[in-house]
Amino acid sequence: MRFSRMLLPTLKESPADAEVMSQRLMVRAGMIKKVAAGIYEILPLGLRVLRKVENIVRQEMDRAGAAEVSLPVVIPSELWKESGRWDKYGPELLRVRDRHNREFCIGPTHEEVITDMVRGSVRSYRQLPLNLYQIQTKFRDEIRPRFGLMRGREFVMKDAYSFHADERCAEAEYKNMLEAYTRIFQRCGLEFRAVEAESGAIGGSFSHEFMVLTDTGEDEVAACGSCEYAANVERAEVRPPVDKEPSLSEKSINPIESVSTPGKKTVEQVSAFLGVEPAALIKTLIYDTDKGPVAALVRGDLELNEMKLARVFDVSDVALADEETVSDVTGAPSGFAGPVGLKIPIYADYSLLGMCGAVTGGNEADTHIRNVLPGRDFEATYCDLAFARTGDGCPRCEGTLTLRRGIEVGHVFKLGTKYSESMGATILDANGKERPMIMGCYGIGIGRTAAAAIEQNHDEAGIIWPPGLAPFAVEVLVIKVKDETSMSAAEGIYNELTEAGVETLFDERNVRAGIKFKDADLIGIPVRITIGERNLAEGLVEVKVRATGEENKVKVEDTVTEVQRLLKELGG
RNA sequence: CGGGGCGUGGCGCAGUCUGGUAGCGCACCUGCUUUGGGAGCAGGGGGCCGGAGGUUCGAAUCCUCUCGCCCCGACCA
């Protein structure tokens, strides 16, 4: 491809609204251009990269036994009403009407459509399993799109759906997809972890997020340094402490006493006022549940994870109780709740085990109490309630967890029968009994993967593409276009490379060398061949590796073989 | 949805407070010089100042409404 024939508007300055590096570099490298919040035009260079990701995904999905389909972007509301999601999905679902005033939505995901496709034509367990995927543009009307392609409203996604006659088969496919995803992201040249997103109650986990580890990710991941355990911080479990022997100080601790703490409600205020560490406080939160109000306790320096609390009660959601409920159950305004003397069920985080002489609310306005000893002064059910932190114990081994940021680029999820049941996608099993198909779904954000690759692979000068995703393998750069010798040598090398099947960008623009060098670094093509008069006089050209800066002079006639050797070495 | 900020040429911005015929840098066009890391000089083209209404002799500037964009938070998975 000739540079001059390609729309490749590089920018010297960064766009004002770009928050993260990948977005800045994609805009500056002329890959994307924003047209509206979360909606982008993809320019030729950008598309080439997206196609690289797509093709890797396609190859690995095919290799894993999945078949590609194409599903509609515009989906009739009936399908979504069947599954019940038309009412549940909320404003993120973009709804439109056609000229006959019929309702449709722009597909944000395609469980309904794929289920509809399969339910008509699959009637027997003999026709299963199936795994169908598509690579397609989707739309989610995100509240706050940001970070360029990382969190757009319109975005390209690979989504796959599998159908099975029994659980074992569904689980096998789940593993199959985990392996396929691992291959995909390896080929993309990314540092990533498959992270448990949700643990099944009975062994194993059936939701994994593939997280690319970077400093700018939107999600926080707790990963064990010693084993494979990794989980979204919102779900990450913490190893329960071994039972603590009561220490001497515990035995000899003084009885509780009240202290006046006028207007001191928050942990910071109370710890500052009393001159104790936040970790010496017990935070008491009153929550509303189906079973009435409960108290949840965590150590003062930790944060309660509502999801963990919800899981204790096996509900999808818990909410902090309102002011009225708090004063009803504690007899005090919020900010002064404490476990001592409470009549409602008390759930305490493991972090309370071994605490002694703690400070808690006094269940009385402007009052706290100290010398509180769990077990002596109140009883509680102990469980894992706090957000995991760096240094916490791994739940699976003796190692410790470290928190890192990550970008979710893929998600593998066992769906079960939610859609097949509501939409009547059933088969007859070997006994002639009708049962819903068991489904799984598997997504990969294409644009997000490309963005994540940039987050992980760039320097001050620009992008450094992993060979697998590079828009071109090689860039041929002529210093002086007007010099006929240079130009004909460059043309020769360019043609040879192209004929050898090496994707080559030929920068034959009639601009100063400096501009071309800067653009080459910015665009980040792995290998650059520079053709200048001086070297050419000795029959040489320069071959430079973008990632390492390593540079070699090569004989003109050896260029193509040398480049091919280099590319092989780089893993392209 | 709450709070804050910004809309001025393709991009980045000044001008707005204190109304008086729209400016700078980059990019673009022409010429000359230059030519291995975003050149210099000279000349030039391009802007319904986001939109509507109002105040005024006169509005980018003041007032009202509106649309869009960005940031923080809440929401969402």
Would you indicate what A:Lys544 reaches in the nucleic acid, counting non-hydrogen atoms under 4.0 angstrom: base, sugar-phosphate, or nothing? base
How is A:Asn535 classified with respect to the nucleic acid when contacts are heavy atoms under 4.0 Å: base, sugar-phosphate, or nothing? base
Between B:rC76, B:rG36, B:rG38, spot the one nearest the side chain of A:Arg28, thanks. B:rG38
Among B:rC71, B:rC13, B:rG36, which is the nearest nucleotide to the side chain of A:Arg146? B:rC71
Would you check, one step at a time, whether the test side-chain contact (heavy atoms from CB on, under 4.5 Å) holds for A:Thr559 with A:Val563? CA-CA 6 Å; A:Thr559 311; A:Val563 164; 4.2 Å; yes
Can you check whether A:Phe506 and A:Phe3 have ring centres sitting under 6.0 Å from each other? no
Between A:Arg509 and A:Asp519, does the salt bridge (Lys or Arg N to Asp or Glu O under 4.0 Å) criterion hold? Intermediate values first, please. CA-CA 11 Å; A:Arg509 289 176 300 168; A:Asp519 277 346; 3.0 Å; yes
Can you tell me the distance, in whole Å, between the [atom1] atom of [X] and the [atom2] atom of [N]?
X: A:Lys518; N: B:rA39; atom1: NZ; atom2: P; value: 10 Å
X: A:Asn510; N: B:rU34; atom1: CG; atom2: P; value: 15 Å
X: A:Ile479; N: B:rU35; atom1: CD1; atom2: P; value: 14 Å
X: A:Asp141; N: B:rA77; atom1: CG; atom2: C1'; value: 16 Å
X: A:Gln23; N: B:rC71; atom1: CD; atom2: C1'; value: 13 Å
X: A:Ile143; N: B:rA74; atom1: CD1; atom2: P; value: 11 Å
X: A:Lys88; N: B:rA77; atom1: NZ; atom2: C1'; value: 15 Å
X: A:Arg509; N: B:rG38; atom1: CZ; atom2: P; value: 14 Å

Assuming nearest nucleotide by heavy-atom distance, tell me which of A:Ala16 and A:Glu542 is located more 5' along RNA chain B. A:Ala16
If we take the [atom1] atom in both [N] and [M], what is their distance in whole Å?
N: B:rG9; M: B:rC48; atom1: P; value: 9 Å
N: B:rC70; M: B:rC32; atom1: C1'; value: 45 Å
N: B:rG47; M: B:rC11; atom1: P; value: 14 Å
N: B:rC71; M: B:rU35; atom1: P; value: 45 Å
N: B:rU16; M: B:rU61; atom1: P; value: 12 Å
N: B:rC69; M: B:rU8; atom1: C1'; value: 15 Å
N: B:rC62; M: B:rG4; atom1: C1'; value: 23 Å
N: B:rG51; M: B:rG68; atom1: P; value: 15 Å

Heavy-atom closest pair, residues A:Val326 and A:Pro333: CG1-C, 4.4 Å
Please report the shortest heavy-atom distance between A:Phe472 and A:Pro526, naming the atom on each side. O-CD, 3.4 Å
Take A:Phe210 and A:Phe185 through the test ring-ring contact (aromatic ring centres under 6.0 Å, His included) and record every step on the way to the result. CA-CA 9 Å; A:Phe210 280 76; A:Phe185 296 120; 5.6 Å; yes
When you compare the protein's N or O atoms with those of nucleotides 68-70 of chain B, which come within less than 3.5 Å of each other, and at what distance?
{"from": "B:rC69", "atom 1": "OP1", "to": "A:Ala37", "atom 2": "N", "distance (Å)": "3.1"}
{"from": "B:rC69", "atom 1": "O3'", "to": "A:Lys34", "atom 2": "NZ", "distance (Å)": "3.3"}
{"from": "B:rC70", "atom 1": "OP1", "to": "A:Lys34", "atom 2": "NZ", "distance (Å)": "3.3"}

Between the protein and nucleotides 25-28 of chain B, are there any N/O to N/O pairs under 3.5 Å, and if so, what are the atom names and distances?
{"from": "B:rG25", "atom 1": "N2", "to": "A:Glu13", "atom 2": "OE1", "distance (Å)": "3.0"}

Is [X] salt-bridged to [Y], going by a charged N under 4.0 Å from an acidic O?
X: A:Glu542; Y: A:Lys553; result: no
X: A:Glu112; Y: A:Arg85; result: yes
X: A:Arg404; Y: A:Glu191; result: yes

Going by the side chain to side chain contact (heavy atoms under 4.5 Å, CB included) test, name the single residue among A:Leu47, A:Ile463, A:Leu45 that passes it with A:Pro471. A:Leu45
Under 3.5 Å for both donor-acceptor distances, Watson-Crick or wobble: does [N] have a partner, and if so which one?
N: B:rU18; value: none
N: B:rC32; value: B:rG40
N: B:rC6; value: B:rG68
N: B:rG45; value: none
N: B:rC75; value: none
N: B:rA59; value: none

Record whether the side chain of A:Glu533 comes under 3.5 Å of the base of B:rG36 through a donor-acceptor pair of N or O atoms. no
Could you tell me whether the side chain of A:Arg528 has a donor or acceptor atom within less than 3.5 Å of a complementary atom in the base of B:rG36? no
With a cut-off of less than 4.0 Å, is there a side-chain N or O of A:Arg512 near OP1 or OP2 of B:rA39? yes
Whether A:Trp80 and A:Tyr89 hold their rings parallel, tilted or perpendicular, with breakpoints at 30° and 60°: perpendicular
Do the rings of A:Tyr174 and A:Phe206 sit parallel, tilted or perpendicular, given the 30° and 60° boundaries? perpendicular
